Every structure is written in structure tokens, then in C-alpha cells.
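Here is the naming used below: chain letters follow the sequence lines, and residue numbers restart at 1 for every chain. This one's a predicted model, so the numbers in the text were calculated from it and none came from an experiment.
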Number of protein chains: 2
Amino acid sequence: MLEEQKRAGFRPVTPAIVEELKSIVGEQHILFDDQEKLKEYSHDEVAEEMYHGLPEVVVKPNSTQEIAAIMKLANRELIPVTPQGAKSGLSGGGVPIMGGILMSFERMNRILEIDRTNMMAIAEPGIITNDFSAAVEKEGLFFAGYPMSLLTCYLGGNVANNAGGGKAVKYGVTSRYILGLEVVLPSGEIAFYGGKRVKDVTGYNMVQLMVGSEGTLGIFTKIVVKLIPLPKAKTDMMVLFKDLDLAIAIVPKIMTEVGVTPTGIEFMDRLTLETSCKHLGESLEQYKNAGAFLIIEVDGNDAEQVLNDSLDIGDYCMQNGAIDAFVAQTPSDQEKIWKLRRNAAEAFKAISPRQTLEDIVVPMSEIPRVLPVLEGLSIKYDVFIPCYGHAGDGNLHVTVVKNPDHSEEQWLEILPKILTDLYSEINKIGGTISGEHGIGNKRKQFLTLVLGDSEIESMKSIKRALDPNNILNPGKIFDL
Amino acid sequence: MLEEQKRAGFRPVTPAIVEELKSIVGEQHILFDDQEKLKEYSHDEVAEEMYHGLPEVVVKPNSTQEIAAIMKLANRELIPVTPQGAKSGLSGGGVPIMGGILMSFERMNRILEIDRTNMMAIAEPGIITNDFSAAVEKEGLFFAGYPMSLLTCYLGGNVANNAGGGKAVKYGVTSRYILGLEVVLPSGEIAFYGGKRVKDVTGYNMVQLMVGSEGTLGIFTKIVVKLIPLPKAKTDMMVLFKDLDLAIAIVPKIMTEVGVTPTGIEFMDRLTLETSCKHLGESLEQYKNAGAFLIIEVDGNDAEQVLNDSLDIGDYCMQNGAIDAFVAQTPSDQEKIWKLRRNAAEAFKAISPRQTLEDIVVPMSEIPRVLPVLEGLSIKYDVFIPCYGHAGDGNLHVTVVKNPDHSEEQWLEILPKILTDLYSEINKIGGTISGEHGIGNKRKQFLTLVLGDSEIESMKSIKRALDPNNILNPGKIFDL
């Protein structure tokens with residue numbers, strides 16, 4: 001048993017408890033004693049081992065009732081329960097850092113209903129987001145709230161993190177599409193908040209309190225998702241600029257001056273563009289004078305209108321400092337553009353596996369003020385800090401990459417200093433630490449840099465109200 | 001002092017407390033002892049006196065700090081505080097039913113910032129929604145989350161109720177546009193949740209927990225509102241159908257078959273249409289075969305596209321049972337159509353001031369199943385139950401009108417029975433009691449008809465966590 005776990009007043013998972021868990025979910029849906037297999041559930045996409053944690057037992061429930069029974073047992077025995085999705089998280093939110101019971105949703109992956117008339121669907125948390133998207137698209141419907149990791153992530157994880165993605169400028173993030181949740185509360189009681197209703201003010205908005213609560217307030221067992229008609233046409237445009245300041249300055253004007261709200265506006269700085277090209281074996285020739293790269297996606301129902309909107313945006317960009325603009329109308333041309341952006345994280349990992357993918361968000365207009373901050377930090381600490389992300393949302397995936405000349409000890413020493421400096425500066429310009437990846441285990445030590453006592457204490461009071469034993473996903477977002 | 005107030009453990013407002021309140025907000029911003037003036041603050045738009053309540057003192061603070069000081073005093077002295085906006089509420093949510101301190105926001109009506117680059121504005125809660133809308137429209141921006149009562153209501157009330165309105169089909173309700181809130185918590189502490197950021201997952205979504213909490217969890221002092229580019233063109237279409245079933249059946253198909261998402265889809269039944277026409281002195285001639293009336297609003301940036309979308313919808317309606325369709329492109333023609341819908345509530349009030357305006361919401365596809373329920377209730381209880389509302393959202397303003405032949409006693413006896421029957425039936429088809437008007441004082445006795453113990457108890461636990469003395473707006477949504 002971990003020291004931390006003991007300190008927090010939790011008890012160990014005994015063989016008797018394992019037997020009781022077996023009686024709830026069935027013997028074949030329990031992992032225990034097999035350290036290699038348990039280890040697979042000990043981490044998400046965060047590489048640093050200090051953010052990993054080994055579960056004592058893994059359970060794979062298959063129903064709301066089984067989950068409720070597990071939570072009742074956990075409360076009775078004071079054993080922590082960590083809900084875990086696809087392990088594609090970027091903040092350690094689904095990692096069992098206090099040991100105890102790891103609850104995996106891999107078996108709860110059904111679509112329970114696709115309701116074409118109301119444009120809604122009900123699904124379980126363990127469905128892969130892309131499978132869910134594909135199923136509703138067959139019905140001419142569209143789930144607009146998905147993140148970049150849709151090929152691997154689970155819908156439940158999207159909801160738990162209030163995931164963003166590449167279409168948030170026009171369509172918003174996951175939360176906008178979640179109308180109802182069946183939830184097993186930390187106590188083991190089952191609640192159904194909201195429902196198949198686009199408007200509902202009957203009591204507090206528990207649905208939106210649950211969305212983004214990172215598995216600390218309740219376990220989602222059924223998710224009611226609002227869908228929209230599948231747009232019939234889209235274009236992706238690549239626009240090159242001499243420098244990032246010029247590129248970023250144009251972003252709000254696309255909406256206010258051109259009058260078009262694109263689906264998404266992504267950007268990459270020069271370093272990201274180069275690294276991504278090299279990683280993919282692409283020539284840099286066509287980007288030779290480009291200090292920054294924008295991807296602007298426009299969609300709609302009328303192909304001609306969509307193309308005209310794109311051309312209007314392209315013209316505006318060219319009149320305002322762009323050095324090149326190219327509208328991709330075919331899926332293969334579109335894929336060519338997006339590939340560079342989607343592979344950015346992988347490309348940096350290939351250079352140095354030691355890096356931290358950050359998720360700061362600032363008012364869109366303040367992005368230019370972030371860039372000198374990054375430059376200053378990169379000089380001060382002698383590291384690379386490339387930057388890419390969702391320009392239209394002010395959500396920047398600043399990536400601090402370990403200098404290969406630095407020792408592991410140096411890296412571990414400077415990393416918290418870099419992040420403290422970064423977050424403090426971001427806070428000064430109205431920004432915060434996470435736009436879509438969450439706080440989890442990785443960022444909780446920095447929460448006080450951007451939130452005050454009254455904000456944090458009020459959040460903690462809600463956690464205590466719903467989870468008096470601190471049984472559900474303890475040690476995430478904050479320590480109680 | 002009221003019996004109820006004493007039972008709840010509250011203390012009366014003494015002259016000493018009035019002196020202290022004067023020292024906080026200034027003598028001229030306090031009302032005390034003048035029963036006539038106090039009475040003006042004793043009700044909202046709900047007519048029944050049983051839902052009214054006289055405050056002991058009215059305070060009109062002018063700053064966050066003054067509000068914080070009042071809340072600290074109220075906690076120390078155990079005096080209830082009821083925040084009140086424009087008194088345009090439809091559920092008694094801002095009525096001081098436990099006496100105590102009535103906090104009016106009439107002085108806090110400033111727009112603090114309009115940020116055109118980020119398309120956001122920051123305002124105080126006491127600004128009239130229409131004043132706020134007009135100010136942002138001057139900057140080419142649009143606040144899409146406003147309710148029908150925008151000429152009188154306050155922005156703070158819109159947020160407290162998570163108001164809906166006539167544009168929710170396309171633009172969603174108020175909550176979608178609220179990105180940040182400065183809040184005085186019940187304890188008197190000041191918190192700032194969210195900010196000028198379109199994405200934020202740094203801790204729990206306290207902003208959306210506060211939105212729609214009906215002034216029971218915190219007092220909003222600054223509201224960060226997301227705006228969108230002002231649409232350049234709109235059309236309003238009137239479509240007549242022989243009966244309501246035909247009209248309602250077409251609503252989802254406008255989106256799924258025609259592929260257009262209108263701004264709003266409103267409907268009126270025959271009784272509402274007749275009553276509204278009579279009230280306005282309009283001829284019924286052009287509506288003579290109409291059993292139902294739809295208003296379909298379409299907007300966008302391209303006038304031609306908007307007109308084409310409207311014509312597509314009109315054609316589809318005519319091919320599917322409509323008896324007439326008329327697209328209004330000029331403001332005066334548009335006003336003519338909307339006037340009938342906007343005056344519906346007034347028209348019924350003119351016939352019988354004794355009526356209850358309801359706010360049920362069901363999955364859009366279930367609207368046809370509501371109609372026979374209303375017919376059954378109207379026969380069983382011998383009352384008129386006209387129906388109009390937001391068809392595109394499934395949000396129906398069922399209006400139970402007192403039969404002039406019934407005595408006041410009869411009306412008061414049957415009304416709760418009618419509502420119990422109505423809500424129970426609505427619950428069976430996946431609906432709930434309030435889509436946009438709130439629970440407040442008027443509907444709390446019916447909450448258990450649509451929510452179970454675990455839902456209500458979890459909401460109460462949050463109320464207790466943030467307001468342990470039950471000081472802020474007690475007796476609303478539920479009794480603790």
C-alpha cells in the first residue's frame with residue numbers, strides 16, 4: 001500500500017474484497033496479482049513516471065448496477081476508485097495514484113439509441129469516440145464536440161474532460177452537446193440528470209457540473225448527446241505568413257471583418273512546421289518563407305457558399321500580410337494540410353520523448369502577448385518551446401521540450417520552474433492553465449497560480465458534499 | 001415576522017440592522033417602514049398572492065464590495081437575502097417569501113466593457129437586456145441568448161434563470177453565452193469563475209452551476225458574455241396548417257430533411273391564434289382554415305442564401321400538408337407575424353387574469369403526445385388550456401386559464417390537481433416541468449414529480465455546501 005494512500009486514510013484491497021468484486025462483475029472481469037497487466041492501467045499519455053500509479057485491482061463492470069455496487073463497497077471499506085477511459089488523457093486524470101480500485105469502461109461501449117427525429121443519441125462511456133461519430137454519421141447526423149484524439153479516446157473521457165478539438169470555434173466544445181447523464185454518484189446512488197431535452201432549468205445544472213469534473217464527482221453510465229445535421233460541404237485552407245504575429249492578428253478579424261465563423265482555426269509556429277515536415281518526410285520548400293501556418297476550415301450545407309466564404313477569407317488574408325493561401329477542396333488535399341497539424345505532438349516526441357504538452361488558454365486577442373513569454377522562457381531555461389494549437393479559441397499547445405544536453409535531474413528541476421513562470425504570466429493576461437486537457441494529477445500543484453482561495457474552496461466544498469469519503473478519483477484537480 | 005421565517009430559524013431585521021445596512025449602501029438606497037414601497041418588491045409576474053412575499057427591508061447596493069458586506073452581515077445575523085432583478089420572472093424566483101433583506105440590482109446596470117476583438121462584453125446584472133443588446137449591436141455584435149421579455153428583464157435575471165427565447169433552436173439558450181461570472185458567494189466571499197476564455201477546464205464548471213441556480217448559490221456581480229457576429233439578413237415565415245399534429249410533425253424534418261437549422265420555430269394552436277387576433281383587433285379571415293400556426297425564422301450573412309433556405313422550408317411545408325406559407329422579408333411584415341406570438345400571454349390575461357403560464361419541455365418528437373393530454377385535462381377540469389411556444393425546442397407554454405364560471409375557491413382547488421396530472425404525464429414521455437422559466441417558489445411543490453431522491457438530494461447537498469446557513473434566497477427550487 002502506498003504511503004500517500006495510507007495518509008489519506010484509505011484501506012488496502014484485501015483478498016476478501018477481491019472476492020466481493022468478483023461476485024459483482026464476474027471473475028473474468030477482474031485483474032489482480034498480475035503486476036504486468038495491472039501496470040497497463042497505471043498511466044495515460046503523460047510520460048513522466050511521477051504521474052503514474054499502480055492499481056491494486058482492476059474491475060471491468062458492464063452495467064450501472066454493477067458500478068453502483070462497487071461504489072457502495074468502496075465507501076464501506078474506504079477504498080479509492082479511479083474511473084478510467086481509453087488512457088488517452090493528457091493530465092493523469094484517470095490514473096489510480098492512490099492505488100485501490102481501477103474501474104475500466106472497456107466493456108461499456110454500446111450505443112443505446114440513435115434518435116434521428118430529435119437528433120440525439122444515447123451511449124455508454126466506453127465507446128470509442130470515432131465509432132460513435134461514424135454511427136451517427138450514417139444517420140446523417142454529426143457529433144461536433146469531439147477532440148483530436150477521436151480515433152482512440154472514449155466518449156466518457158471526452159465528457160469527463162470537457163474535451164475540445166479542432167471545430168470548437170464554430171461548434172463549441174463537448175459540453176454543448178451533453179444534454180443528459182446517468183451518473184453513479186460517489187455514494188453509489190444512481191441519478192439521472194437532464195435528458196432528451198434541449199432546454200431544462202428544473203433544478204441545478206448538474207449535467208454541466210459533471211461535465212469536466214474529471215471523474216471526481218460521479219461516474220457517467222449513460223450519456224445523452226445532442227447531434228446536429230451533418231454539414232454537406234467543407235473546405236480547408238492553408239495560409240502562410242511571414243511571422244506568427246501577423247497570422248494571429250488576423251484570426252479575430254476573420255469573424256468580425258470578413259463575417260464568417262470558420263469551423264476551426266489552427267496554427268503552427270515555424271519550429272512546429274519544420275519538425276512536423278521532417279517527421280513526415282515532407283519537403284519544406286513550399287514553406288520556405290513561412291514563419292507561421294494557419295489552417296482555416298469552413299463548413300456548411302451549400303458547397304458554393306462554403307467555397308465563397310473560404311475565398312473571402314483567403315482574399316482578406318492576402319490583403320493583410322499573408323504570403324500564400326491555398327484552398328483544399330478534395331479530401332486528399334485536406335488530409336495533406338491536417339496531417340502536418342495532427343502529427344505535431346508525435347513529431348516532437350520523436351526528437352525528445354521528454355517534453356510536456358501544455359494546454360494554456362488566453363483571450364484570443366492576447367495570443368501575441370504569449371509569444372514573447374515563450375521566447376523569454378526558452379532563452380532563460382535553454383529549452384525549445386514550440387507552439388501550435390487552436391488559434392480561434394486562444395488555446396495554445398505550448399510544448400516544452402527537454403534539451404538533449406540537459407541531464408534528467410536538470411530537466412526535473414527546471415520543469416516546474418518553467419511552468420510556474422509560464423502560468424503566472426498567462427494569468428496576468430487573463431488566461432488559465434487548461435483549455436481542454438484538464439488538471440488531473442499533472443497540473444494540480446499549479447492551480448493556486450490561477451485560482452484564488454474562494455474559487456478553490458467552493459469547488460472543494462462541492463467535492464466534499466457529493467463525496468464525503470473522498471472515494472472517487474482522489475488526488476485529482478486538488479488535494480482535499 | 002412571518003411564521004415560516006421563524007420556523008426556518010431566521011431572525012428579524014431590527015432597526016440596528018437597518019442602520020448597519022445604511023452604513024453599507026447609503027441611507028438613500030434603503031427602503032424600510034414604507035409598506036407601499038416595500039410592496040412593489042413583493043412579487044414578480046406570477047399573479048397569485050400565495051407566491052408573493054413582503055421584504056422587511058430593500059437595499060440597493062452599487063458594488064461587489066457592498067454586496068459582500070451585506071452577505072457577511074446576513075450570515076452573522078441569520079437574515080435571509082433575496083436577490084431580485086426586473087421582477088419579470090415567471091416562477092416567483094426573486095420574491096422574498098421569507099421576508100428579510102431584498103437586494104435589488106437596479107443601480108448596478110453598467111456595461112463595463114465591449115471587447116470587439118474577442119467578441120465579448122462584461123456587464124453588471126441590473127442592465128436591461130435590450131439595452132445590453134442594443135449596445136453590442138452598435139459594435140456589429142449579437143447577444144443571441146436573450147428571452148422574449150428582453151424589453152424589461154435584466155441580464156442578471158436571464159443568467160439566474162438560464163433564460164431561453166425565440167432563437168434557441170439555432171443559438172441555444174443564455175448559458176451558452178456566459179463565459180465568466182464574478183460572484184458574491186452566500187458566505188460573502190467574492191469569487192471569479194471563468195473569464196474571457198471560450199474554453200476553460202481549470203477546475204469544476206462553477207460558471208454553469210451558477211447559471212440557472214435562481215439566485216440560490218451566489219449573487220452575480222459581473223457577467224462575461226460571449227457575443228457572435230450580428231447576422232446580416234433574416235426572414236420570418238408564417239406557415240398555416242389544418243391541425244397542430246401536422247404542424248408539429250414537420251418541425252424536426254425542417255432540420256433533418258430540408259437541412260436548414262432555423263433560428264427559431266414558434267407555434268400557436270387555434271385557440272391562441274384566435275385569442276391573439278381578437279386581442280389585437282386583427283381579422284381572422286386569412287387564418288380561417290388554420291388549426292395551427294408556425295413561425296419559422298431563418299438568419300445568416302447572405303440575404304440570398306437566407307431567402308433560399310426559407311423558400312426551401314416553405315416548399316417542403318407545402319408539400320407536406322401546409323395550407324399556406326408566407327415569407328416576410330421586410331421588418332414591418334416580420335413584426336406583423338411576431339406580434340401575434342408575442343401578445344399571446346397578454347391576450348389570455350385580458351380574457352381571464354386568473355391563469356397559470358406553464359413552461360413544460362419534452363423531446364421535440366413528443367409534442368404531438370402532449371396535445372391529447374391537454375385536451376383530456378381541459379375536459380376533465382372544465383378549463384381552457386391553450387398552447388403555444390417554442391416548437392423547435394419542445395418547450396410549450398401551456399396556459400391553464402380559469403373558467404370564468406368557476407369560483408376562486410374552485411380554481412385554487414383544481415389548479416394543483418391539473419398541474420400534478422400535467423407534470424406526471426409529461427414526465428412519462430421524457431419531459432420536465434420547466435424549460436426556461438425556472439422552479440422558484442411556484443413549482444417547487446411539484447419537483448418530486450419529475451426528479452427522484454438522488455437527484456434532489458445531490459442538488460440540496462450543493463446548496464448546503466455553498467450556503468450552510470441557507471441565507472441566500474431560501475425556499476426557492478426546494479425547501480432544505
Side-chain angles (χ1 to χ4, degrees), chain A residues 116-119 140 161-162 164 168 173 176 185 189-191 193 195-206 208-209 211-213 229 252 255-256 259 261 301-302 305 361 363-365 393-395 430 432-436 438-439 447 450-451 454-455 458-459 461-462 464-466 477, chain B residues 116-119 140 161-162 164 168 173 176 185 189-191 193 195-206 208-209 211-213 229 252 255-256 259 261 301-302 305 361 363-365 393-395 430 432-436 438-439 447 450-451 454-455 458-459 461-462 464-466 477:
Chain A
R116 204 166 170 275
T117 308
N118 290 304
M119 296 191 286
N161 283 286
N162 191 11
V173 295
R176 185 184 291 181
L185 295 169
E189 279 183 283
I190 299 165
Y193 299 118
K196 284 167 66 174
R197 300 180 289 268
V198 292
K199 290 159 103 179
D200 186 351
V201 294
T202 307
Y204 297 149
N205 195 341
M206 299 296 285
Q208 293 303 327
L209 177 64
V211 174
S213 65
M255 291 169 271
T256 56
T261 300
N301 283 324
D302 186 272
Q305 175 75 33
V361 57
M364 187 169 52
S365 64
D393 311 315
N395 186 201
T432 193
I433 15 184
S434 185
E436 57 184 21
I439 302 304
L447 201 62
V450 292
L451 293 181
S454 53
E455 290 87 14
S458 55
M459 291 179 191
S461 77
I462 287 172
R464 285 190 202 101
L466 294 179
I477 307 179
Chain B
R116 204 166 172 273
T117 308
N118 289 303
M119 293 191 287
N161 283 286
N162 192 11
V173 294
R176 186 184 290 181
L185 295 168
E189 279 182 282
I190 300 164
Y193 299 119
K196 284 168 66 174
R197 299 179 290 268
V198 292
K199 293 159 101 179
D200 186 351
V201 294
T202 306
Y204 298 149
N205 196 340
M206 298 296 286
Q208 293 303 326
L209 177 65
V211 174
S213 64
M255 290 168 273
T256 56
T261 301
N301 282 325
D302 186 273
Q305 175 74 32
V361 56
M364 187 170 52
S365 64
D393 311 314
N395 185 201
T432 192
I433 6 183
S434 184
E436 57 183 21
I439 302 303
L447 201 63
V450 293
L451 293 180
S454 54
E455 289 87 13
S458 54
M459 290 178 190
S461 77
I462 287 172
R464 284 190 203 101
L466 294 179
I477 306 179

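Contact tally against chain B (heavy-atom pairs below 4.5 Å) for Gly438(A), Ser434(A), Ala465(A): the top residue is Ser434(A). Of all the listed residues (Pro252(B), Ala191(B), Gly164(B), Gly140(B)), the one sharing the greatest number of non-hydrogen pairs under 4.5 Å with chain A is Ala191(B). When the candidates Gln208(B), Glu189(B), Met364(B), Met459(B) are compared by the number of heavy-atom contacts under 4.5 Å with chain A, Met459(B) comes out ahead. Most heavy-atom pairs under 4.5 Å with chain A, from the set Leu447(B), Ile462(B), Asn205(B): that is Ile462(B). Between chain A and the residues Asn118(B), Ile477(B), Thr117(B), the most heavy-atom pairs under 4.5 angstrom are made by Asn118(B). Of the residues considered (Gly195(B), Ala168(B), Gly394(B), Pro229(B)), Pro229(B) shows the highest number of contacts with chain A, using heavy-atom pairs under 4.5 Å. Among Val211(A), Asp302(A), Val450(A), Leu451(A), the residue making the largest number of heavy-atom pairs under 4.5 Å with chain B is Asp302(A). Ranking Met119(A), Lys196(A), Arg176(A), Arg116(A) against chain B, the residue ahead of the rest is Arg176(A), based on heavy-atom pairs under 4.5 Å.
Contacts of Asn395(B) with chain A are made by side-chain atoms alone, with heavy-atom separations under 4.5 Å and no backbone atom involved. In this structure, the portions of Ile433(B) lying under 4.5 Å from any heavy atom of chain A include both its backbone and its side chain. At a 4.5 Å heavy-atom cutoff, the contact between Asp393(B) and chain A is made by backbone and side-chain atoms alike. For chain A, the nearby parts of Asp200(B) are the backbone and the side chain; heavy atoms of each come within less than 4.5 Å. Heavy-atom distances place both the backbone and the side chain of Val361(A) under 4.5 Å from chain B. Residue Glu436(A) touches chain B through both its backbone and its side chain, counting heavy-atom pairs closer than 4.5 Å. Looking at Arg464(A), there are no atoms closer than 4.5 Å to chain B (heavy atoms on both sides), in backbone or side chain. Contact annotation for Met255(B): both backbone and side-chain heavy atoms come within less than 4.5 Å of a heavy atom of chain A. Of the atoms belonging to Met206(B), it is side-chain heavy atoms, and not backbone ones, that fall under 4.5 Å from chain A.
Residues Thr432(A) and Thr202(B) bring a donor and an acceptor atom of their side chains to less than 3.5 Å of each other.
Rounded to the nearest 0.5 angstrom, Leu209(A) CG and Ser213(B) OG are separated by 11.5 Å. Atoms CG and OG, from Leu466(A) and Ser461(B) in turn, are 4.5 Å apart once rounded to the nearest 0.5 Å.
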